[in-house]
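Each chain gets a letter, A, B and so on, in the order the sequences are listed, and its residues count up from 1. When reading the values below, keep in mind they use all heavy atoms of this one structure, side chains included, and skip hydrogens, waters and symmetry mates.
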Protein chains: 2
Amino acid sequence: MTIDLTEAPTTSIPDVFDPTCSSRHALELIASKWAMLIISALEEGPMRNAALMRRLGDVSQKMLTQTLKELERNGLVIREDKKTVPPHVEYSLSPVGRSLSETLLVLDRWAETHFATLDAARERYDAERER
Amino acid sequence: MTIDLTEAPTTSIPDVFDPTCSSRHALELIASKWAMLIISALEEGPMRNAALMRRLGDVSQKMLTQTLKELERNGLVIREDKKTVPPHVEYSLSPVGRSLSETLLVLDRWAETHFATLDAARERYDAERER
DNA sequence: GCAATTACGCACCTTTTGGTAACTATAGAA
DNA sequence: TTCTATAGTTACCAAAAGGTGCGTAATTGC
């Protein structure tokens, strides 16, 4: 008799370092430029498609729709279709989405605070190897 | 006389929503599954290549090297080559890297806390459309 | 009647990400 | 002598991310 451990159930304590743990999937979902920015933007309040495009600056219609759909699918974003013509669709954060946006805003602040340090390091690194 | 605004300098207040702002680049750097996990892992202390592979569980040698190199280039990770044979290379967090890891750990905790909510939402969403 | 508006869907294409396998060098162990 | 371990690199290939342009619906304004 042999015991197959490859399909063993995930350990009781969730761990993002465990590739089979579902929390890893949750992390991968938000480890995306557009997902992060969309959730941060929606923290300012419900927004329509066009408003989000303006806020994000350079997202394509395709990527915006695609990312919003994934976020809605995972319950982070709520999509409300007023079913009018011309269309009127509003996106907002769900309670879970809002619990995430707080942390993401901290990340935004980190980027805005330390980007100059990264820029300098990158310049030093590149200058050293191009010789 | 025409004024070209396309190359206008970035505003004085850094903003991740401004595509031309360098802080956006910083955000994109860490908006990556492997970058996030590597920095979180290094928070536990300096690690060698093989130890990181074990900790991350399912990263390929190629992606690990590639991501570490980008993080080193931007000054988040410090690479110390002891120049011995067989090779001995240690990776650790720089001060900026450490300032980031604190926030990333909060993200990890978020994923480990709320993944079940996401799983449930996803299942509901998929069940509704496959009919 | 014609154009604009809105939030998409779809087809096509390019770029980036990621995986696999083979190769490098040398010390120490079997 | 051959095997193992170390931390990579390179070439090749598959998959995912991402961009562009076109089509769609009905209502409002000209």
Side-chain angles (χ1 to χ4, degrees), chain A residues 17 19-20 24-39 41-42 46-74 77-92 122 125 129, chain B residues 6 19-20 24-39 41-42 46-74 77-92 122 125 128-130:
Chain A
F17 287 113
T20 70
R24 177 74 155 259
H25 174 272
L27 195 69
E28 287 178 31
L29 178 72
I30 57 179
S32 130
K33 173 173 70 161
W34 297 129
M36 281 191 177
L37 287 172
I38 287 174
I39 293 175
L42 288 180
M47 278 192 204
R48 299 177 62 178
N49 178 72
L52 275 168
M53 292 212 75
R54 253 176 285 119
R55 191 75 183 98
L56 303 197
D58 64 344
V59 71
S60 69
Q61 177 64 67
K62 183 191 165 186
M63 284 314 295
L64 179 58
T65 311
Q66 191 176 302
T67 311
L68 279 169
K69 201 181 283 179
E70 262 305 291
L71 293 177
E72 188 205 356
R73 185 163 97 103
N74 285 271
V77 159
I78 295 167
R79 189 189 116 110
E80 189 197 351
D81 188 344
K82 298 214 197 296
K83 293 189 189 303
T84 60
V85 170
H88 184 124
V89 178
E90 272 211 348
Y91 294 96
S92 57
R122 213 178 324 123
Y125 184 97
R129 337 256 141 174
Chain B
T6 57
T20 69
R24 177 76 154 256
H25 174 271
L27 195 69
E28 288 178 32
L29 178 71
I30 58 179
S32 132
K33 173 172 71 159
W34 297 131
M36 281 191 176
L37 287 172
I38 287 174
I39 293 175
L42 288 180
M47 277 190 205
R48 299 176 62 176
N49 178 73
L52 274 169
M53 293 212 75
R54 254 176 283 119
R55 191 73 182 100
L56 303 196
D58 63 344
V59 70
S60 68
Q61 176 65 65
K62 183 191 165 188
M63 284 314 296
L64 180 58
T65 311
Q66 192 175 302
T67 311
L68 280 169
K69 202 180 281 179
E70 262 306 289
L71 293 177
E72 188 204 356
R73 184 163 97 104
N74 285 271
V77 158
I78 296 166
R79 189 189 117 111
E80 190 198 350
D81 188 343
K82 299 215 196 295
K83 294 191 189 303
T84 60
V85 170
H88 184 125
V89 178
E90 272 211 346
Y91 294 97
S92 56
R122 214 178 324 121
Y125 185 97
E128 258 179 51
R129 338 254 140 176
E130 76 172 20

With side chains defined as the heavy atoms from C-beta onward, is the minimum distance between [X] and [Y] less than 4.5 Å?
{"X": "A/Leu64", "Y": "A/Ile38", "value": "yes"}
{"X": "A/Asn74", "Y": "A/His25", "value": "yes"}
{"X": "B/Arg79", "Y": "B/Leu68", "value": "no"}
{"X": "A/Tyr91", "Y": "A/Ile78", "value": "no"}
{"X": "B/Leu37", "Y": "A/Arg24", "value": "yes"}

Residues that A/Glu70 engages under salt bridge (Lys or Arg N to Asp or Glu O under 4.0 Å), provided they are two or more places apart: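 Once residues adjacent in sequence are excluded, the partners of A/Glu70 under the salt bridge (Lys or Arg N to Asp or Glu O under 4.0 Å) criterion are A/Arg73.
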Residues which pass salt bridge (Lys or Arg N to Asp or Glu O under 4.0 Å) with A/Glu80, listed by chain and number, not counting sequence neighbours: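 Result, salt bridge (Lys or Arg N to Asp or Glu O under 4.0 Å) vs A/Glu80: A/Lys82.
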Check ion pair B/Lys33-B/Asp58 (N to O, under 4.0 angstrom):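 Salt bridge between B/Lys33 and B/Asp58, a charged N being under 4.0 Å from a carboxylate O: no.
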Base versus backbone protein contacts along nucleotides 9-30 of chain C [heavy-atom cut-off under 4.0 Å; B, S, -]: S--------BBB-----BS---
Terminal axis angle for the helix from C/dA7-D/dT24 to C/dT24-D/dA7, five pairs an end, nearest 10 degrees: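 Comparing the first five pairs with the last five, the axes sit 40° apart.
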Atom-to-atom span, CG of A/Asp81 to P of C/dT6 - whole angstrom: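 After rounding, the reported distance stands at 15 Å.
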For atom CG of A/Leu64 and atom P of C/dC8, their distance in whole Å: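 Those two atoms, CG and P, are 8 Å apart.
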Report, one line per pair, each donor and acceptor closer than 3.5 Å where one atom sits in a side chain of residues 46-54 of chain A; sequence neighbours left out.
| from | atom 1 | to | atom 2 | distance (Å) |
| --- | --- | --- | --- | --- |
| A/Arg48 | NH1 | A/His88 | ND1 | 3.2 |
| A/Arg48 | NH2 | A/Pro87 | O | 3.3 |
| A/Asn49 | OD1 | A/Gln61 | NE2 | 3.1 |
| A/Asn49 | ND2 | A/Gln61 | OE1 | 3.1 |

Opening and closing nucleotides of DNA chain D in contact with chain A, under 4.0 Å to non-hydrogen atoms: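 Under 4.0 Å from chain A, the extent on DNA chain D is D/dG18 to D/dT27.
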C/dA7 phosphate, OP1 or OP2, under 4.0 Å from A/Arg48 side-chain N/O: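 Answer yes for this pair, as a side-chain N or O of A/Arg48 is under 4.0 Å from OP1 or OP2.
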Nearest heavy-atom neighbours spanning B/Ala41 and B/Leu56: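 Reported closest heavy-atom pair: CB-CD2, 4.1 Å.
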